[in-house]
2 protein chains.
Amino acid sequence: MEQYVEALKKQKIRITPQRLAVLRVLWNNHRHFSTEEVYGEVKKDFPAISLATVYTILDLLKQKGLIRELRIKSDKTLFEARVDMHHHFLCRDCGTLFDIDMKPCAALEAMAVDGNVIEEAHGYFYGVCKKCK
Amino acid sequence: MEQYVEALKKQKIRITPQRLAVLRVLWNNHRHFSTEEVYGEVKKDFPAISLATVYTILDLLKQKGLIRELRIKSDKTLFEARVDMHHHFLCRDCGTLFDIDMKPCAALEAMAVDGNVIEEAHGYFYGVCKKCK
DNA sequence: TAGATTATAATAATCATTATTATTTAGAAG
DNA sequence: CTTCTAAATAATAATGATTATTATAATCTA
């Protein structure tokens with residue numbers, strides 16, 4: 001519990017039960033959550049929470065760099081606990097969403113060499129995973 | 001004009017004036033278009049076209065590989081004529097959206113070596129472009 | 001050229017997300 | 001420990017992109 005409080009304090013975010021609950025859901029489950037799914041999880045311990053609040057909190061945590069947002073699926077935004085630069089692969093057969101570790105990236109380096117500042121990089125790969133193939 | 005007809009025929013798509021018009025907008029302008037923008041352009045030559053039809057046509061052309069869809073902005077889907085694998089960079093200052101040519105990608109190759117089939121790869125880079133820096 | 005199939009236009013419906021606002025709460029100061 | 005003010009939450013309405021529906025119109029095959 002203390003780790004969540006510490007994390008929020010470090011970012012100068014007010015401590016509220018709702019924020020701690022949302023952070024706990026993401027940090028305790030290394031999956032990718034839609035806002036609705038986070039809402040569903042948080043409701044178990046916190047039945048009175050509002051969906052709008054979950055939206056607000058997720059956006060705040062994202063701004064502060066405590067969680068990361070991805071949009072590999074067209075319909076809804078997903079969130080995850082991993083905030084280091086990495087990519088994602090979505091299997092069109094089984095629908096599984098895999099994390100992919102970052103590797104040296106020529107396109108990224110070329111951009112930097114050319115004088116641009118890259119603050120974020122999201123690689124979205126689509127195809128068929130080895131299990132489904 | 002003939003090139004659009006040929007392209008549709010090759011994909012076994014029925015030839016309609018609306019489809020030709022949409023394809024022409026994207027193939028004649030090497031920019032990134034939202035659906036609304038395509039709608040706006042097509043209306044100039046084709047005032048009676050319906051927005052819903054533009055949505056349907058863009059989805060069809062995407063399915064058939066004649067255009068490409070990107071979702072680097074959170075609010076709306078964009079479309080472009082380039083269908084070869086390449087990436088995008090969005091400057092958070094000026095809002096310009098740049099194409100980035102594909103380079104040898106270690107993460108991509110590692111996925112393939114591991115037995116997965118990569119059919120599509122979208123790299124979205126965010127930051128500050130050299131002009132704005 | 002006719003006729004079955006498919007596409008379009010118009011519009012309603014959906015649904016994720018955002019805005020609004022009254023109420024409640026966190027946390028600083030005394 | 002209480003008071004107070006700024007900020008957060010809950011409830012709900014509004015927005016806006018996208019999708020569904022359906023009657024009409026157009027394509028293209030035979």
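Note: hydrogens, waters and symmetry copies are ignored here, and every other heavy atom, side chains too, is used. Letters A, B, ... are given to chains in the order of the sequence lines, protein chains preceding strands, and every chain is numbered from 1.
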Starting at atom CG of A:L20, determine the distance to atom P of C:dT25, rounded to an integer number of angstrom.
16 Å
Side chain of B:T53 (C-beta onward), nearest among D:dT18, C:dG27, C:dA9
C:dA9
Taking for B:S50 and for A:D75 the nucleotide of DNA chain C with the nearest heavy atom, the one nearer the 5' end belongs to B:S50
Hey, does A:P17 reach any base, or is it just sugar-phosphate, or nothing, if we go heavy atoms under 4.0 Å?
sugar-phosphate
Rounded to the nearest angstrom, tell me the gap between atom NZ in A:K73 and atom P in D:dA17.
24 Å
Could you give me the CA-CA distance, side-chain angles and deciding distance for A:L66 and A:R19, then say whether side chain to side chain contact (heavy atoms under 4.5 Å, CB included) is met?
CA-CA 12 Å; A:L66 295 175; A:R19 287 172 177 171; over 6 Å; no
Within this structure, what is the CD1-to-P distance between B:I13 and C:dT8, rounded to whole angstrom?
11 Å
Side chain of A:Y55 - closest among D:dA26, C:dT17, C:dA26:
C:dT17
Rounding to an integer number of Å, can you tell me how far A:Y39 OH sits from C:dT18 P?
17 Å
For the pair made of NZ in A:K12 and C1' in C:dA28, what is the distance, rounded to whole Å?
15 Å
Using whole Å, what does the distance between atom C1' of nucleotide D:dA17 and atom NZ of B:K76 come to?
8 Å
Any residue meeting side chain to side chain donor-acceptor pair (under 3.5 Å) with A:D45, in chain and number order, not counting sequence neighbours
none
For the backbone of A:I72 and the side chain of B:R71, can you confirm whether one donor and one acceptor N or O come within less than 3.5 Å of each other?
yes
Euclidean distance, atom CG of residue A:L58 to atom C1' of C:dT18 [Å, nearest integer]:
14 Å
Can you work out whether B:L51 or B:R14 has the more 5'-proximal nearest nucleotide on DNA chain D?
B:L51
Note: A:K43-A:E41 ion pair, threshold 4.0 Å (strictly below)
no
For the helix from C:dT1-D:dA30 to C:dG30-D:dC1, how many degrees between its two end axes (five pairs per end), to the nearest 10°?
40°
How would you label the contact of B:S34 with the nucleic acid (heavy atoms, under 4.0 Å): base, sugar-phosphate, or nothing?
nothing
Between the side chains of B:D84 and B:R82, is the shortest nitrogen-to-carboxylate-oxygen separation below 4.0 Å, so that they form an ion pair?
yes
Looking at B:E119 and A:R92, is any side-chain nitrogen of the basic one under 4.0 Å from a carboxylate oxygen of the acidic one?
yes
In terms of side-chain heavy atoms of B:T16, which of D:dA26, C:dT8, C:dA26 is nearest?
C:dT8
B:I15 side chain, from C-beta outward: closest of C:dT17, D:dA6, D:dC28:
D:dC28
Taking it one step at a time, do A:Y39 and A:E37 satisfy side chain to side chain contact (heavy atoms under 4.5 Å, CB included)?
CA-CA 5 Å; A:Y39 178 59; A:E37 286 169 339; over 6 Å; no
A:H32/A:H88 aromatic ring centres below 6.0 Å:
yes
Looking only at side-chain atoms of B:A52, point me to the closest of D:dT9, D:dC28, D:dA20.
D:dA20
Selected nucleotide, minimal atom distance to B:Q18 side chain, candidates D:dA10, C:dA9, C:dT17
C:dA9
Write down the distance between CD (B:E69) and P (D:dA17), rounded to a whole number of angstrom.
15 Å
Report the nucleotide, chosen from C:dA9, D:dT18, D:dT9, that has the shortest atom-to-atom distance to any side-chain atom of A:R19.
D:dT9
Using a 4.0 Å heavy-atom cut-off across all strands, classify A:T56 as base, sugar-phosphate, or nothing.
nothing
